[in-house]
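In what follows, a single structure is set out as structure tokens and then discussed.
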Amino acid sequence: MAVFESISTTWGRSTLRRRYEALAARERFLVRICLGLLLALVLYAVIDSLLGFRGEAVTRYLNEQRDLEWMKRNQHRVSRGDSAGGSGELLSTVVNSTAAQVGFRPRRTQTETDGVSARVEAEQFEKVLRWAHALETRHGVEITRADIDLNESGRVDARFSLR
């Protein structure tokens, strides 16, 4: 209540109040209408932003739920770790055979504790992209890191971490 009393006291002594009271009745009515519209606009902006935030939060929550369900369904893949996409093949074999299907051979493929690393040198960018796409879509291999550098026109050097 002290806040309202303070505002009321400040309003009572302000020059703005004296200017408002000096207006004609019709002008005061217009000022009140404008203030009401301004208040409605501010309330609308606040409520709209809160509803927008809520909508984004719900969307994020549903996406996280979908990801969690996917993780639960695919938990067996992680626990095996030594094969790609449940096919029973070693991940390094899948990486090399998929590269051969696309038309190149990785310079180096090395098994690591959490997957496989592959190095590609001076290969056509299009082939490298087709290879990475095939690994993900056909074999369920996850690319956890990809560093791609331009070697020469249309050719790249790349390093991939896969699991």
Side-chain angles (χ1 to χ4, degrees), residues 1-8 10-11 34-163:
M1 285 306 218
V3 173
F4 293 116
E5 290 174 10
S6 174
I7 292 172
S8 178
T10 304
W11 172 248
C34 288
L35 286 175
L37 289 174
L38 183 62
L39 178 64
L41 181 66
V42 168
L43 285 174
Y44 173 77
V46 168
I47 291 171
D48 185 54
S49 64
L50 289 175
L51 291 176
F53 176 77
R54 181 191 177 281
E56 290 172 10
V58 167
T59 302
R60 274 194 316 271
Y61 173 77
L62 293 174
N63 286 338
E64 295 295 331
Q65 284 295 109
R66 188 187 70 234
D67 290 346
L68 178 62
E69 291 301 318
W70 182 88
M71 286 184 222
K72 285 179 180 177
R73 284 193 315 270
N74 293 292
Q75 182 177 4
H76 64 282
R77 287 184 179 181
V78 174
S79 61
R80 276 202 317 234
D82 59 343
S83 63
S87 64
E89 292 181 84
L90 288 177
L91 182 55
S92 58
T93 304
V94 171
V95 167
N96 289 320
S97 64
T98 305
Q101 291 170 0
V102 173
F104 74 93
R105 186 169 187 269
R107 176 87 168 161
R108 180 176 174 191
T109 306
Q110 181 176 347
T111 303
E112 298 177 345
T113 56
D114 63 340
V116 169
S117 67
R119 180 162 179 79
V120 176
E121 292 182 358
E123 284 298 332
Q124 292 178 356
F125 182 63
E126 180 184 346
K127 286 183 180 181
V128 174
L129 284 182
R130 284 197 337 243
W131 169 68
H133 180 71
L135 285 173
E136 285 189 326
T137 57
R138 283 191 264 157
H139 301 287
V141 175
E142 179 185 359
I143 299 173
T144 57
R145 181 174 179 170
D147 297 314
I148 301 174
D149 300 313
L150 182 63
N151 182 319
E152 56 186 61
S153 181
R155 296 194 173 271
V156 294
D157 294 334
R159 290 164 303 285
F160 290 90
S161 294
L162 311 160
R163 60 177 165 175

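What you see is a predicted model, and the numbers here were worked out from it, not measured in a lab. Below, each value reflects all heavy atoms present in this structure, side chains not excepted, and no hydrogens, waters or symmetry copies.
- From N96, atom CG reaches atom CZ of F104 across 9.5 Å, with rounding to the nearest 0.5 Å.
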Do any side-chain atoms of residues 131-138 form donor-acceptor pairs under 3.5 angstrom with protein atoms, and if so which ones, sequence neighbours left out?
from, atom 1, to, atom 2, distance (Å)
W131, NE1, V95, O, 3.1
T137, OG1, H133, O, 2.8

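- Here the OG1 atom belonging to T98 is positioned 10.0 Å from the CG atom belonging to L162, to the nearest 0.5 angstrom.
- Paired with F160 under the rule side chain to side chain contact (heavy atoms under 4.5 Å, CB included), one option of I143, T109, T144, V141 passes, and it is I143.
- Counting all heavy atoms, side chain and backbone alike, Q124 lies closest to R155 at N-NH1, 3.6 Å.
- The minimum heavy-atom distance between S92 and V116, with the atom names listed, is N-CG2, 3.8 Å.
- Ion pairing between E126 and R130 holds under the 4.0 Å rule for side-chain N and carboxylate O.
- Taking CG from L68 and CZ from R73, the interatomic distance works out to 10.0 Å, rounded to the nearest 0.5 Å.
- What you find for D157 and A122 is that their closest heavy atoms are OD1-N, 2.8 Å.
- Note on residues 97-112: pairs passing salt bridge (Lys or Arg N to Asp or Glu O under 4.0 Å), not counting sequence neighbours, are R107-E121.
- Within the structure, side-chain hydrogen bond (donor to acceptor under 3.5 Å, both in side chains) contacts touching residues 49-64 (residues at least two apart or in different chains) are N63-R66.
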E123 vs N151, test: side-chain contact (heavy atoms from CB on, under 4.5 Å). Steps then yes/no. CA-CA 9 Å; E123 284 298 332; N151 182 319; over 6 Å; no
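- Counting heavy atoms of neighbouring residues, nucleotides and ligands inside a 6.0 Å radius, atom CZ of F125 does not exceed 12 of them.
- To the nearest 0.5 Å, atoms NE2 (H139) and CG (L91) are separated by 10.5 Å.
- Across V156 and V128, no two heavy atoms sit closer than the pair CG2-CG2, 4.0 Å.
- We find the OG-CG distance between S161 and D147 to be 7.5 Å, quoted to the nearest 0.5 Å.
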